[in-house]
**Student:** 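What follows is a single structure, and I will ask about it in a moment.
These figures come from a predicted structure and were not determined experimentally. Nothing fancy with the numbering, it's 1 onward along the sequence.
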Amino acid sequence: MRVKGRIWVAFWLVFVLVVLAWVIARDTSGYVTAAHLEEVRNTRMVLQARKSELVTRIRRNMSRSVLMPKAESLGLRLPPDSEIVIVQPPLGERR
């Protein structure tokens, strides 16, 4: 049985259409992935800026000039050197 020319043309036409549909689907998927990646990058930059701001605020609020007035308002005071005792473990437990 011999296949006629029209069937071969139809077969190749369907094959080309399937390949073109696959290429279009792949390109569309690439564009969607690129858009999502750009969104994730932007979100990351915003989060890094927020982290930097928070670290700066933490460091500023940990400074002595900020903590001492807050401690004094709570009735706390800075101990003099004579009140500070350094506790050392017994000789048998040192490593």
**Student:** In a table with atom names and distances, give each donor-acceptor pair under 3.5 Å that connects a side chain of residues 7-25 to protein atoms at least two apart or in another chain.
**Tutor:**
none

**Student:** To the nearest 0.5 Å, what is the distance between OG1 on Thr33 and CD on Glu38?
**Tutor:**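 Taking OG1 in Thr33 and CD in Glu38, the distance rounds to 13.0 Å.
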**Student:** Answer yes or no: is there a side-chain heavy-atom contact under 4.5 Å between Met68 and Leu76?
**Tutor:**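 Not touching, per the 4.5 Å side-chain cut-off.
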**Student:** Could you walk me through whether Thr56 and Arg59 pass the side chain to side chain contact (heavy atoms under 4.5 Å, CB included) check?
**Tutor:** CA-CA 5 Å; Thr56 302; Arg59 286 189 179 146; 5.9 Å; no
**Student:** May I ask you to test the Val66-Met62 pair for a side-chain heavy-atom distance under 4.5 Å?
**Tutor:**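 Val66 vs Met62: side chains apart.
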**Student:** Check the pair Arg64, Leu78 against side chain to side chain contact (heavy atoms under 4.5 Å, CB included), reporting the backbone distance first and the verdict last.
**Tutor:** CA-CA 11 Å; Arg64 184 180 201 117; Leu78 190 63; 2.6 Å; yes
**Student:** Counting N and O atoms only, with roles assigned by atom type, does the side chain of Thr43 sit under 3.5 Å from a partner on the main chain of Glu39, one being a donor and the other an acceptor?
**Tutor:** yes
**Student:** Which residues satisfy the side-chain hydrogen bond (donor to acceptor under 3.5 Å, both in side chains) test with Arg50, sequence neighbours excluded?
**Tutor:**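 Listed in chain order: Glu53.
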